[in-house]
Visitor: 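Quick one: structure below, then a few questions.
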Amino acid sequence: MNLAVATDHGGFPLKERIIQELKRLGHNVTDLGTNSAEPVDYPDYAEAVAREILAGRAERAVLICGSGAGACVAANKFRGIRSATCHDSFSAHQCVEDDNVNVLCLGARVVGPELAVELVRDYVKAVFSGAERHRRRLGKIAAFEASFGK
Ligand code: RB5
């Protein structure tokens, strides 16, 4: 799978470990920064992954900030992005199976590197079920986006 990974300074300590693991699993990974612990603004990195997905260059992304909250809020502002912060394994796979989440957010100040790697593994292995009830619910969300985007 083509994947994008981006972090702000809060998420930066996890970035290389996550990229290494995704590559080890055979994925193509685009690193969208940041590249140091120098403070940056998480909306810029949320925008970078959102645009990568919306342009079709990545199918999904992993976006990491300090808490997993701000980056997720920002990513969800882009029409067609479905982002979720998941710090447990069940959510990390179910968010894809039911909700077709295309941006997994993590908080590097919440989870350690080994749990983060497990969550990312669960996330990338998961497949959207395509069940009619889930399509219907996602259709309702898409309708929200369409109505507020005007
Ligand atoms: C940056 O200090 C921090 O606010 C950011 O990484 C994130 O946790 C925001 O939700």
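Just so you know, ligand 1 is whichever comes first in the structure, and atom 1 is the first atom listed for that ligand. Residue numbers start at 1 and run along the sequence shown.
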Visitor: Could you check if a side-chain atom of H93 sits within less than 4.5 angstrom of a side-chain atom of Y123, using non-hydrogen atoms only?
Guide: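 SC-SC contact between H93 and Y123 ruled out.
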
Visitor: For a 4.5 angstrom cut-off between non-hydrogen side-chain atoms, does R51 reach F78?
Guide: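 In contact.
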
Visitor: Does any non-hydrogen side-chain atom of R121 lie less than 4.5 Å from one of E21?
Guide: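 E21 vs R121: side chains touch.
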
Visitor: Mind checking what residues have non-hydrogen atoms under 4.0 angstrom from ligand 1?
Guide: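 Near ligand 1, by chain and number: D8, H9, Y42, C65, G66, S67, A69, G70, R109.
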
Visitor: For R57, give me all partners under salt bridge (Lys or Arg N to Asp or Glu O under 4.0 Å), at least two apart in sequence or on another chain.
Guide: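 Partners of R57 by the salt bridge (Lys or Arg N to Asp or Glu O under 4.0 Å) criterion, ordered by chain and then number, come out as E52.
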
Visitor: Are K15 and N35 linked by a side-chain donor-acceptor pair shorter than 3.5 Å?
Guide: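 Yes, N35 and K15 have a side-chain donor paired with an acceptor closer than 3.5 Å.
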
Visitor: What I'd like to find out is whether the side chain of F128 reaches to under 4.5 Å of the side chain of R135, using heavy atoms alone.
Guide: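 A side-chain contact under 4.5 Å exists here.
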
